[in-house]
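As structure tokens, the structure follows; a few thoughts come after it.
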Amino acid sequence: MEERQKNVSLVLAVNGERFELPCVDPSTTLLQFLRSETCFKSPKLGCGEGGCGACVVLVSKYDPNLEKVEDFSVSSCLTLLCSLNGCSITTSEGLGNTRDGFHSIHERFAGFHASQCGFCTPGMCMSFFSALVNADKGNKPNPPPGFSKLTSSEAEKAITGNLCRCTGYRPIADACKSFAADVDIEDLGFNSFWKKGDSNEVKVSKLPPYDPTKNFSTYPEFLKSESATNSDSSRRYPWYSPVSIEELRSLLYSNVMENGASFKLVVGNTGTGYYKETQPYDHYVDLRYIPEFSIIKRDQNGIEVGATVTISKLISFLKEENKVNLGSYGTLVSQKLASHMEKIASPFVRNSASVGGNLVMAQKNGFPSDIATLFLGLGATVRLMTSHGFEKLTWEELLSRPPLDPKTVLLSVCIPFKNAQSSPQTHSKLLFETFRAAPRPHGNALAYVNAAFHADVSHCNNGVLINNIQLAFGAYGTKHATRAKKVEEYLDGKILNIYVLYEALKLVKLAVIPEDGTLHPEYRSSLAVSYVFEFFYPFTDVHSAISGGLLNGISDISVEELSKSRNDGRISQGREQTLLSSAKQVVEYSSTEYYPVGEPMKKVGAAMQAAGEAVYVDDIPSPPNCLHGSFIYSTKPLAGVNGIQLESNRLTDGVTTVITYKDIPSGGENIGVLTKFGTEPLFADDLARYAGDRIAVVVADSQRSADVAARTALVEYDTENIDSPILTVEEAVEKSSFFQIPPFLNPKQVGDFSKGMAEADHKILSAEIRIGSGYYFYMETQTALAIPDEDNCMVVYTSSQYPEYSHRVIASCLGVPEHNIRVITRRVGGGYGGKAIRAMPVSAACALAAYKLRRPVRIYVNRNSDMIMTGGRHPMKVTYSVGFKSSGKITALHLDILINAGITEDVSPIVPSNVVKALKKYDWGALSFNVKLCKTNLTSKSAMRAPGEVQGSYIAEAIIEHVASLLSMEVDSVRNKNFHTFESLNLFYDNIVAVGEYTLPSIMDKLAVSSSFFQRSKMIEQFNQNNTWKKRGISRVPIVYEVMQRPTSGKVSILQDGSIVVEVGGIEIGQGLWTKVRQMTAYALGFIDSSWAEDLVEKVRVIQADTLSLVQAGFTAGSTTSESSCEAVRLCCDVLVERLTPLKKQLQEQNGSVDWPMLIRQAQTQSVNLAANSYYVPESGSMSYLNFGGAVSEVEIDILTGETAILQSDIIYDCGQSLNPAVDLGQIEGAFVQGIGFFMHEEYLTNEDGLMVSNSTWKYKIPTIDTIPQNFNVHVLNSGHHEKRVLSSKASGEPPLLLAASVHCATRAAVKAAREQLKLWGKLDGSVSEFYLDIPAIIPVVKTLCGLDYVEKYLESILAQKSN
């Protein structure tokens, strides 16, 4: 053993470059190493939990015995650097880059418009590249030239674990599928490669070429020759790699591990994504070099799996064709296990997560594991190495024991293939089935309940006899997976019939009871019932029972056939399919009148973003002596702060100091936020006012040390003599805790409410709607870098939508003149409003720490803290009374709206008017309201994509749905009854719309035709009548969205070589602002000579925002900054055109012809001013305008689980004359999918103190590629000339988000169909159509409204039929 403990260097390669590391802290992750010790910044820190995919890289390992390289993707934020000795790492830069040329993956991502903010793109590319490399190594037939061996389905699945908040995934899927051998070229979406009318052959030839035979080597030759010695990084943190069980045993029981020394057994280290480490380990033991641990074999008796075998390896092994005949049961078990395990975590986590590690986490920590449940259902046995020797016991026995002690090691697991207890007469068969329901169907989400059922059944005269049954359930809110023993005992030896099944289900409900504090407990119990019902469903021929005859037996069909039928059976139909079907994008091009404006050019720098070369704030190299900060926040909503105590351990060794409000210099203010409505303190003083309130910043020599110190800090609170906090709007009303809404922001009422109510035939009084909050989930969290400069100055790099105000906040906080501060923002890795106001305190805290310590300081807020501190969307409680005619025409509406603004004003005073403007999309007859802005002890709620509008638009739909349900009318016809005429629209929106600009009625008509809305509505009706277990719904929703342009500045400078530099007030946050500005610059300078416009585009570079270079920049929000920035640039160009046109004429007369470089050379010679500044101020009469759009969505719900699939969404959106239809298309799709997240998935959970507890990728589920519409059709409408708009264009960033309400409304329709079914059986408690579907309509909510006891009621109805 001494041999293995000697100090040897760690050797690895990154993108072909050799790194030899003589001394490494073994707790260092690969991501920390790549980002701090190499020049490769493409892997990003998005979550630190393996939950987002931003940090994915390719790891390549060489096996000298097989002379083979194994390539697999990993989450570099979880992978320990010391585990990579002798490995090669490839990042996105390694595939290609600006200088050496991009990889075709990068080029296709750019060409398919699959990158917006770009922060997630390199990780996405690497996930896909890993799948590509491995597919092309496979034994499949060679693909046609230009394609890979990958299938379309594999291409989609390659990126199921990667999150993107911008694009809506559809273009990413298309970019990936363009490599697939089986792709239908016609199905690939809008891109910059093809022209209309291109044949399929031409299309293929225009794609950036991909040749798998010329793929660069992922593993450099020099590494093959290096001796792959195992490393022990340093004496202080030893890393051991034993090569035998004996060596492991002697190590664990040696002196080294005695005297309280802590040690960690390591395989993939993925557990740290769930269980955060805040304590250091004295020793690390890598188990992967012990051959017995990596064994994996299968024969007729069963499967043996070593503890270090990764989940991916086990899946691949189970899928392999086996030379040994496993028998039908062995084959069935292998298939079911593989299929289920593919839904665990994500590909890049499964590639390093070990089977043993997963099981040990389940046994020791109660991790809600799927594998633990599967193995329990199969009666697996385990082998352990203990202090006494070796022990073999069942997995069930091990689960019942106390948590394993640290020195007990799981060696392997054995899954037995049982033999049926049959004689030739009984035809006994073994069955095995697994189940899981989770927020995401294809993994990257923990299950609400998972299950594995094994049964031995045989056919007899009266039906199916259950000889033996094992029912295992897990993840439902208990410490471990459990067997439902009482249910098993009841069923054993019984012949299955409806009554037996009904009684068994009663017992299941009693067996599966979640512990107190588990979310959605009733739903989980109901899910367990659904699983058991679904398992036995084919054996009780209940379908015949519905139509009258009840067959308790299955005499005419064999058990084997029935077990097969379950795979494509009546319930689980359509489970296995490609995630997305074809999608259509119709883009109406503008005329060439404004060329190159209006062209669907690809986003500036998209390929560079894909390659990971785009520089975000955290990619800027740390200056010398740089420190790192992390926030300590309050976990109490209102409490005195008496002191802070830091825990001392080796992970917090590098802590320098703690910065609080006391460190603000004299002359400075305790200010962290400034808006036109008020300020917010940077730090809590002696009183923390909300959970998440910033108390201090810990400063340390690494981000990790700072984060651990902040996470483990103990804050001493004092709650004596302090009022109880206000956490709800009801408490705010009780205590009259309100913010004032300035009179100019008070929305206008319409008509006479009393008169309208008097005209009504029907009334709904005091109905209630509640809408919760939502979190931004930008991929790049809040971040800043502050560098002290000469003469008491400070340069701050920040990821901000509002650098100008950050500048003012920092100057006020430090007490220095504003010219001492310079704030720079190049690009933002996603904002959605969250980087406007909420970015200011991060920049200010960073600058304050740098000022105090006279050293550079950077802060990169970790995801968990970011989610807690940043606030989010405004929760609301709405009470409404509405009067309406029997025809469905609404005559009057009154709303009492309580908006939870949190602790400070932020920009909340704009929200009331936004809510009302959005709900004015219908003609309510008379509209009155009373809006209160409630001040509570919660994080300040801030602007979030469509702030107020998304709630207002939804409130309108909820009221329409309520009216329709009361009248028993079709919702769509009630919507139509209340559409605006041109006159009523102008009455509600103050004469804002010119004649011919009200395009909504024609949009809705077009939509009905293009989506076949009425035909599909009829088909859905038919479907629902014929299907008991799946129900569908469809909904058509309009939007009217008012936006306002704001003043902004611009600057255009022409350099000596004719290249052009542009600065604008708007920030590039992924919305394509730079791309549109570039096109506008070329168009506007093209007035000198229109033939130059195309070449000029390539000469334009838009540069970072710099608050000292360009003042009065304004802020990037409200969807109109792109067009305002374009107009500012056009004003600059007009000045330059005026200066250069006379010179051009003069040169033409002299030389006959003149080109751009010549003109600029001459202008330099003649001292023409080649720079122009402008400040665009929109005319007061045309600052605001309306946007129109419509969507039809169809969903299907699985009544047994509540799972909701969006089968199709069709959108038509009016962009005026789009400045860039490709960019606007991306905005429409991305906003819509973000809206799906708000309406369907994203649960914003807080504890009793108002502290957010769903603050991780494990708990907060934004949409993924498997939750977007399977068929997603978007039509970008060109509605022609709009005189007062910027080149007739209209906004696209926020309005389409509101259209996602169509998915929620369609889900409501499907739930209604389920309730109609219950009514048909005479089993409905309550009304068919009067129910409220929560936001988000997560699967427990859907299932609850369909009836948690739907299955029981169904069986009761059959039993009743039978007794009659």
Side-chain angles (χ1 to χ4, degrees), residues 332-333 336-337 339-341 343-344 368-378 431-439 441 445-455 457 466 469-478 480-488 490-491 496 498 500-514 518 520-540 542 562-563 565-567 569-573 575 1028-1030 1197-1203 1339-1340 1342-1344 1346-1355:
L332 175 72
V333 167
K336 296 289 181 186
L337 282 178
S339 171
H340 191 111
M341 286 184 188
K343 297 184 178 78
I344 297 170
S369 157
D370 281 77
I371 298 175
T373 309
L374 299 179
F375 287 4
L376 181 62
L378 286 164
L431 305 175
F432 178 64
E433 187 60 87
T434 76
F435 302 85
R436 92 189 297 267
L446 294 173
Y448 288 109
V449 182
N450 51 44
F453 303 158
H454 159 84
V457 299
I466 301 171
I469 178 105
Q470 274 166 251
L471 305 171
F473 297 95
Y476 62 87
T478 51
H480 300 306
T482 58
R483 291 256 307 273
K485 293 279 176 69
K486 284 191 176 164
V487 189
E488 294 171 2
Y490 172 76
L491 287 170
L496 196 63
I498 297 298
V500 167
L501 179 55
Y502 181 64
E503 289 301 311
L505 296 184
K506 282 187 189 171
L507 294 172
V508 172
K509 218 161 200 168
L510 295 172
V512 180
I513 298 175
T518 305
H520 317 296
E522 295 90 354
Y523 166 71
R524 292 173 195 254
S525 296
S526 169
L527 206 48
V529 168
S530 291
Y531 293 162
V532 175
F533 173 75
E534 186 171 350
F535 184 65
F536 288 118
Y537 182 85
F539 305 112
T540 56
V542 283
L562 275 167
S563 64
S565 80
R566 184 180 289 107
N567 291 332
R570 302 158 190 147
I571 298 178
S572 307
Q573 213 157 14
R575 271 202 177 167
T1028 310
W1029 305 109
K1030 302 265 175 153
I1197 61 176
D1198 181 333
I1199 292 177
L1200 287 175
T1201 62
E1203 287 165 304
I1339 62 179
V1342 171
K1343 168 77 173 145
T1344 303
C1346 292
L1348 291 173
D1349 50 2
Y1350 189 96
V1351 164
E1352 293 93 319
K1353 286 179 173 176
Y1354 169 57
L1355 293 177

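Numbering starts at 1 and runs along the sequence shown. Every value quoted in this text rests on a predicted model; they were computed, and no experiment measured them.
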Verdict with reasoning, Ile466 to Phe539, per side-chain contact (heavy atoms from CB on, under 4.5 Å): CA-CA 11 Å; Ile466 301 171; Phe539 305 112; over 6 Å; no
Shortest non-hydrogen separation from Glu488 to Gln470 and the atoms involved: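 Nearest heavy atoms, Glu488 then Gln470: OE2-CA, 3.3 Å.
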Closest approach of Leu374 to Ala451 (non-hydrogen atoms, all atoms of both residues): CD2-O, 4.5 Å
Ring-ring centroid check Tyr1350 Tyr1354, cutoff 6.0 Å: no
By ring pair (Phe, Tyr, Trp, His ring centres under 6.0 Å) - contacts of Tyr448 (at least two apart): Tyr523
Ring pair (Phe, Tyr, Trp, His ring centres under 6.0 Å) partners for Phe453, two or more places apart: Phe435, Phe473, Phe535
Partner residues of Glu503 under the salt bridge (Lys or Arg N to Asp or Glu O under 4.0 Å) criterion, sequence neighbours left out: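 Once residues adjacent in sequence are excluded, the partners of Glu503 under the salt bridge (Lys or Arg N to Asp or Glu O under 4.0 Å) criterion are Lys506.
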Checking [X] side chain against [Y] main chain: does a donor-acceptor pair fall under 3.5 Å?
{"X": "Lys1030", "Y": "Ile1199", "answer": "no"}
{"X": "Arg524", "Y": "Pro1340", "answer": "no"}
{"X": "Arg436", "Y": "Lys343", "answer": "yes"}

Pair Lys486-Leu510, side-chain contact (heavy atoms from CB on, under 4.5 Å): steps then yes or no: CA-CA 9 Å; Lys486 284 191 176 164; Leu510 295 172; over 6 Å; no
From Ser369 atom OG to Asn450 atom CG, the distance as rounded to the nearest 0.5 Å: 7.0 Å
Separation between CD of Glu534 and OG1 of Thr1201, rounded to the nearest 0.5 Å: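 Those atoms lie 8.0 Å apart.
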Stepwise side-chain contact (heavy atoms from CB on, under 4.5 Å) check, Leu337 with Leu378: CA-CA 10 Å; Leu337 282 178; Leu378 286 164; 3.9 Å; yes
Partner of Ser530 by side-chain contact (heavy atoms from CB on, under 4.5 Å), out of Val449, Val1351, Leu505: Val1351
Derivation of the side-chain contact (heavy atoms from CB on, under 4.5 Å) call for Phe533 and Leu501: CA-CA 7 Å; Phe533 173 75; Leu501 179 55; 3.8 Å; yes
